[in-house]
Amino acid sequence: MKRRGEIVALLLVVTGVVLIWRGWNVRSAGPEPIRLVPVTVPAFDTGGTLTDAWADFDGDGDPDRFVGFNGAPSRLYRNDGTAGFTDVASVLHLDVEKRVRTSSWGDYDADGDPDLLLGYAGEAQALALWRNDGTAGFAEVASQVGLALDSAATRQASWVDVDGDGDLDLFLALRDGPNRLWRNDGGTFTDVTDATGIGDARRSVGAVWFDADGDGDMDAYVANMDGDANGLWLSSGGVYVDSASAWGLADGGRALGDEHQGTVRPCAVDYDGDGDLDLFTANYGKNGLFRNPGGGGTWENVAASVGLDTDSFFDTCIWGDVDHDGRPDLYVNGTVTGGTSYRDFLFRGEGGTFVDVTPPALGVEADHGATWVDFDRDGDLDLALTGSQENGMHLLFQNLMRPEYARHSLAVRVLDGEGHATRAGALVRIYVAGTRQVLASGLVDSGSGYDSQSGLPVTFGLTGAEPVDVEVVWPAAGRIETVREAGVDPEAHRGAALEVRVR
């Protein structure tokens, strides 16, 4: 894919943070650097956090942050814009003192606001569904709606419409038993695990849902640990078959059969800009990057050839265009295990290869999860991290790109025909206006971070502020629906997302 403009690089040290930025069509004075600096919120220094997830729970237009702790009361930070963040968990009844391993936002009752599913590690009540009742706070309704689960090692929970009937069903990966799938029947749930065949008993941790084979159904790539092979669960008529071996995706790039290796987090990304989704695996062992061949065939692991087969212990992968050059960049965070805290990596996309540009100041100890989120709505992606040990944290780093460069972006929020966020797993593409030249592609979150799912728009960096065409592809029960918005002006959507509705 051709890229526009001359690309230059600048290494800058800003407040102890070293970052790379590349500009395009810049003034003769040189490119504008990006500064990534910590947001000063004393509460964010608190450690013992495992998972966090972002969504606009109060409907005021900016993303709020839920943080789950390893036994301490959970926190829900309301984003108050320039006034900062306020923890409202106790006021809204979400300050649960549990070991929260799973946090996923999804509008299960299609009433227009996001609800929150939590999984508790080793607790007598393993699953909790907190219904968003607006100013009245959150009410726990798991047992009432058929989602009671007494004890389980919960990991990735994904809200996704697997049967194409318009509402969000629930998939849950389990570390200690068969994975589960519940069908949403108008606000109550029916366990369809056995009927669909998706109850994989391997030691699952992460999952991402998308239409892998392009047949109009949602499929799942599931990450397994302790040497177990990964699963690619392709849907056919509502029944799932594991095709990971046939597609070359079983090992995820690391060693099979080695109980010390496994895949923690799979990420779907269009790393090569060809308009389809490839798969990256954050592993215990060498990471993998599998190129989608398009039209069927074996997916090739190209991680070594592009510089991403790092051999370490990783918990999370997140992709986002942090420098607005039109190419996705990768952040992977090292876990803590065996008393060692493994380092994080920030890889900058170079158009076919990736370069380690990790800022030394981001080498935080014992971090666990990560999210790209434009919390200040200035157009560029900021970085949220969580930490698993008591000397960990849940920090937030703000990207201080100058406004004239930050505005070179577009956020796209995909909604259903009623204006509700029930389209997780939809594919969003942007094109050069009036052409079929793909600029970038992204997935509406169907499982991300560490055992989390956020209700965030798909955010694209652009090499300028020229109009683009936006296309949303939505798989629904064997059919593919496509909606296209032509001539979208990014300037018209500064500070807010473009909303695209699909039936």
Side-chain angles (χ1 to χ4, degrees), residues 38-55 57-58 63-80 84-105 114-132 137-140 142 149-157 172 175-176 205 264 315-316 333-337 339 341 344 364-371 373 375 383-397 448-454:
V39 176
T40 306
V41 177
F44 286 176
D45 293 336
T46 306
T49 57
L50 292 175
T51 182
D52 71 336
W54 293 74
F57 82 87
D58 54 1
D64 310 294
R65 184 185 197 185
F66 173 85
V67 178
F69 285 77
N70 193 25
S74 300
R75 298 180 185 179
L76 177 62
Y77 293 102
R78 186 185 64 218
N79 187 343
D80 293 326
F85 289 85
T86 303
D87 181 9
V88 295
S90 60
V91 176
L92 298 179
H93 320 301
L94 269 181
D95 55 336
V96 290
E97 195 167 345
K98 304 269 190 179
R99 288 188 291 167
V100 179
R101 179 74 71 164
T102 302
S103 58
S104 295
W105 290 99
D115 311 292
L116 181 62
L117 187 94
L118 300 181
Y120 304 137
E123 304 282 347
Q125 180 188 8
L127 209 58
L129 176 57
W130 293 88
R131 186 185 64 216
N132 187 343
F138 289 79
E140 207 289 294
L149 192 61
D150 290 336
S151 179
T154 66
R155 292 299 188 264
Q156 178 63 52
L172 180 65
R175 190 72 164 75
D176 62 346
V205 180
V264 180
D315 277 334
T316 303
N333 65 334
T335 190
V336 55
T337 183
S341 184
D344 294 6
V364 292
E365 183 179 358
D367 64 321
H368 208 65
T371 307
V373 53
F375 81 91
L383 177 65
L385 299 175
T386 61
S388 60
Q389 291 185 330
E390 291 308 313
N391 57 346
M393 43 66 224
H394 51 290
L395 298 181
L396 180 62
F397 291 86
S448 62
Y450 179 77
D451 298 344
S452 66
Q453 183 178 7
S454 293

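Numbers here are sequence positions counted from 1.
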### Backbone of Ala53 reached by a side-chain donor or acceptor of Trp105 within 3.5 Å
yes
### Task
Locate the shortest heavy-atom distance separating Phe138 from Leu76; write the atom from each residue and the value.
CE1-CD2, 4.0 Å
### Message
Show the nearest heavy-atom pair for residues Val373 and Pro63, with the distance to one decimal.
### Response
CG2-CG, 3.9 Å
### Query
Shortest non-hydrogen contact from Val100 to Ser74?
CG2-OG, 3.5 Å
### Message
Let me confirm one number: the OG1-NE2 distance from Thr49 to His368, rounded to the nearest 0.5 Å.
### Response
8.5 Å
### Query
Between atom CG of Leu149 and atom OG1 of Thr154, what is the distance when rounded to the nearest 0.5 Å?
8.0 Å
### Query
So, the side chain of Asn70 versus the backbone of Gly48: is there a donor-acceptor pair under 3.5 Å, distance only?
no
### Query
Do NZ/NE/NH1/NH2 and the carboxylate oxygens of Asp52 and Arg65 come within less than 4.0 Å?
yes
### Query
Which value, rounded to the nearest 0.5 Å, describes the distance between Asp87 atom CG and Phe44 atom CZ?
9.5 Å
#### Entry: Flag, side chain of Asp176 to backbone of Ala153, donor-acceptor distance under 3.5 Å
yes
### Message
If we ignore hydrogens and angles and just use 3.5 Å, is the side chain of Thr335 paired with the main-chain N or O of Asp315 as donor and acceptor?
### Response
no
### Query
Are the side chain of Ser151 and the backbone N or O of Ala126 linked by a donor-acceptor pair below 3.5 Å?
no
### Asp451-Thr51 side chain donor-acceptor pair, cut-off 3.5 Å
no
### Task
Taking all non-hydrogen atoms of both residues into account, name the closest pair between Arg78 and Asp58 and its distance.
CG-OD2, 3.4 Å
### Task
Would you name the heavy atoms of Asn333 and Gly369 that are closest together and state the gap between them?
ND2-N, 3.1 Å
### Summary
On a heavy-atom basis, the closest approach of Ala128 and Tyr120 is CB-OH, 3.4 Å
### Query
For the side chain of Glu140 and the backbone of Leu129, is there at least one donor-acceptor N/O pair under 3.5 Å apart?
yes
### Query
When you measure from the side chain of Thr386 to the backbone N and O of His394, does any donor-acceptor pair fall under 3.5 Å?
no
#### Entry: Nearest-0.5 Å distance that lies between atom CZ in Phe66 and atom CH2 in Trp54
13.0 Å
### Query
In a check of side chain to side chain contact (heavy atoms under 4.5 Å, CB included) between Phe57 and each of Leu116, Asn79, Leu92, Asp115, which one passes?
Leu92
### Arg101 side chain to Ala121 backbone, donor-acceptor under 3.5 Å
no
### Message
As an exercise, state the distance from OG1 of Thr102 to CZ of Arg155, rounded to the nearest 0.5 Å.
### Response
7.0 Å
### Task
Could you tell me whether a side-chain N or O of Gln453 sits under 3.5 Å from a main-chain N or O of Ser103, the two making a donor and an acceptor?
no
### Message
Nearest 0.5 angstrom please: Phe375 CZ to Leu396 CG, how far?
### Response
4.5 Å
